[in-house]
Amino acid sequence: MGPLNFMDKCFLLAALILIPAAHSLPPPESTESTEPKSVIAHRGASGKLPEHTLEAYTLAYGLGADYIEPDLMLTRDGVPIALHDRTLDATTDVAERFPQRAREDGRFYAIDFDLAEIKQLRVRERVEAASGELRYPERWDNSHRHLHFRIATLEEIIELVQGLNRVTGQSTGIYPEIKFSAWHADQDHDFEAILLDILQRHGYETRDDAVIVQSFEPESLLRLRELGCKLRLVQLISGGRAQDALVTDEGLDHIASYADGIGPSQARIIDDQGKVRPNNLVSAAHQRGLVVHPYTARTDALPAGIDSFEQLLDRILFGAGADGIFTDHPKATRKYLQERSR
Ligand code: G3P
Ligand code: CA
């Protein structure tokens with residue numbers, strides 16, 4: 001090689017300066033957590049057994065859920081029970097057992113029944129109130145007349161999960177949702193105080209304990225903080241326009257002042273073509289220290305534009321980078337995560 005000319009010397013000098021600089025660049029900023037993804041059994045293993053029953057929770061536990069999710073409503077005597085709706089019509093035989101107890105609208109409200117009455121009801125697979133048809137035809141079919149699934153109380157669920165944790169050595173958590181807090185308050189029930197009392201009596205007191213409390217109502221979570229609650233809280237965010245303000249920068253800043261995470265509808269993560277939305281909701285939440293647990297993954301109710309359950313999980317958990325997911329199908333969700341980690 002002959003002597004270097006002026007241009008060669010310039011390139012060499014630039015390379016000497018720039019190449020080491022390139023190597024010392026920090027990696028691209030990522031807000032994706034390296035923690036394992038959480039499998040949250042939505043209403044128990046509700047894809048396999050009637051939702052919110054001890055049987056569905058037990059199955060979810062055995063299928064490897066990290067958290068068991070009960071929705072909570074109150075009975076007339078103020079007992080938290082696992083129930084999604086205000087009414088009992090779609091998931092129990094209340095109309096046959098207490099035909100005189102419907103309100104003027106023809107519906108049977110849980111808050112009109114004491115726990116002793118609630119315990120007489122048979123829980124069934126969810127049906128459409130108007131038609132009586134199964135909501136999910138591939139699921140439990142309600143024809144097994146000798147079985148008597150009952151509505152569970154929160155305390156029964158806690159005893160079940162803590163009992164199983166003791167004999168298995170696992171540390172499965174619970175993820176209770178306060179339903180209709182303002183509505184209960186209108187009927188003189190302090191739902192947050194009732195819930196906190198039960199959780200504290202069962203040893204759930206700090207953010208390190210295996211419980212996360214969720215609500216769609218910011219006021220409910222703020223009330224928990226006002227009562228001194230130190231547990232982790234998750235702000236649910238529906239897909240409807242009414243809660244759009246919660247996903248703005250200001251909304252997320254506010255949530256970060258009282259909660260530890262968000263639980264957005266999966267429609268806020270993927271669009272109606274099944275593509276991850278470019279709105280950066282997950283990273284915006286992560287930047288504020290909030291975990292993200294979208295809802296709800298179902299093998300038998302895939303969103304538009306999604307071809308398979310695995311594709312749905314892949315887009316939400318790895319495309320968007322969410323930290324966990326509410327799922328009716330904990331076994332299929334766990335299987336997907338195990339196979340992906342190989
Ligand atoms: O709590 C997460 C998700 O369950 C919220 O929707 O209506 O099924 O309680 P919902
Ligand atoms: Ca829920």
Side-chain angles (χ1 to χ4, degrees), residues 37-47 49-53 56-57 60 65-74 80-91 110 123 125-129 135-136 139 151-152 154 157 161 173-184 191-192 195 211-218 220-221 224 231-240 242-243 246-247 255 259-270 281-282 285 290-303 312-313 316-317 322-330 333:
K37 309 291 185 183
S38 295
V39 176
I40 305 154
H42 183 249
R43 313 182 194 177
S46 56
L49 281 166
E51 68 185 53
H52 288 316
T53 56
Y57 298 131
D66 295 302
Y67 291 92
I68 304 293
E69 193 238 6
D71 297 319
L72 297 177
M73 293 289 297
L74 292 179
I81 54 170
L83 187 69
H84 176 269
D85 306 346
R86 266 182 277 224
T87 55
L88 297 154
D89 309 43
T91 54
V123 175
E125 182 60 38
R126 176 174 287 275
V127 298
E128 299 296 349
R135 163 79 56 91
Y136 301 103
R139 298 189 184 183
I151 289 182
L154 172 62
I157 298 164
V161 172
I174 58 167
Y175 208 133
E177 179 187 347
I178 296 178
K179 284 286 183 199
F180 308 110
S181 167
W183 185 79
H184 282 97
F191 206 152
E192 290 75 22
L195 175 63
V211 60
I212 302 176
V213 181
Q214 38 158 350
S215 174
F216 281 105
E217 296 168 61
S220 179
L221 301 183
L224 287 169
L231 305 171
R232 285 171 293 161
L233 305 180
V234 159
Q235 175 67 58
L236 297 175
I237 305 174
S238 72
Q243 289 205 301
L246 292 179
V247 299
I255 291 171
D260 303 276
I262 58 171
S265 161
Q266 62 193 9
R268 291 198 183 268
I269 308 290
I270 50 175
L281 176 58
V282 175
L290 296 165
V291 297
V292 182
H293 293 158
Y295 67 89
T296 301
R298 298 180 167 107
T299 61
D300 48 0
L302 296 174
L312 174 66
L313 297 177
I316 290 181
L317 294 173
D323 306 284
I325 192 153
F326 290 87
T327 173
D328 286 4
H329 299 91
T333 307

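Treat the numbers as computed from the prediction; the structure is a model and nothing was measured. Positions are given from 1, in the same order as the sequence printed here. Just follow the structure's listing: the first ligand is 1, and inside any ligand the first atom is 1.
In the candidate list His84, Glu69, Glu51, His42, His84 is nearest to atom 7 (O) of ligand 1, counting heavy atoms.
Residue-to-ligand polar distances keep Thr296 apart from ligand 1: every N/O pair is separated by 3.5 Å or more.
Draw a line from the Ca ion (ligand 2) to OD1 of Asp71 and another to OE1 of Glu177, and the angle between them is 80° (to 10°).
Looking at atom 8 (O) of ligand 1, its nearest protein heavy atom turns out to be Arg43 NH2, 2.7 Å. Looking from atom 1 (O) of ligand 1 to the surrounding protein, the closest heavy atom is Gln214 OE1, 2.6 Å. The protein heavy-atom contact nearest to atom 9 (O) of ligand 1 is Lys179 NZ, 2.7 Å.
Counting only N and O atoms by type, the side chains of Glu192 and Ser181 include a donor and acceptor under 3.5 Å apart.
In this structure, Phe216 has a heavy atom closer than 4.0 Å to ligand 1.
Annotation for Leu221 and Leu233: closest pair O-CD1, 3.7 Å, computed over non-hydrogen atoms. Shortest non-hydrogen contact noted between Pro294 and Gly324 is CD-O, 3.1 Å. The shortest non-hydrogen separation linking Asp300 to Tyr136 is OD2-CB, 3.8 Å. Nearest heavy atoms, Ser238 versus Phe216: N-CE2, 3.7 Å.
Ring-centre distance between Tyr175 and His293: below the 6.0 Å cut-off.
Under a 4.0 Å criterion applied to the non-hydrogen atoms of Leu236, ligand 1 contributes the atoms 1 (O), 2 (C). Of all the atoms in ligand 1, the ones that sit under 4.0 Å from a non-hydrogen atom of Asp71 are 9 (O).
Under a 3.5 Å cut-off, the side chain of His184 and the backbone N or O of Phe191 do not form any donor-acceptor pair.
Within Glu69, the N/O/S atom positioned nearest the Ca ion (ligand 2) carries the name OE2.
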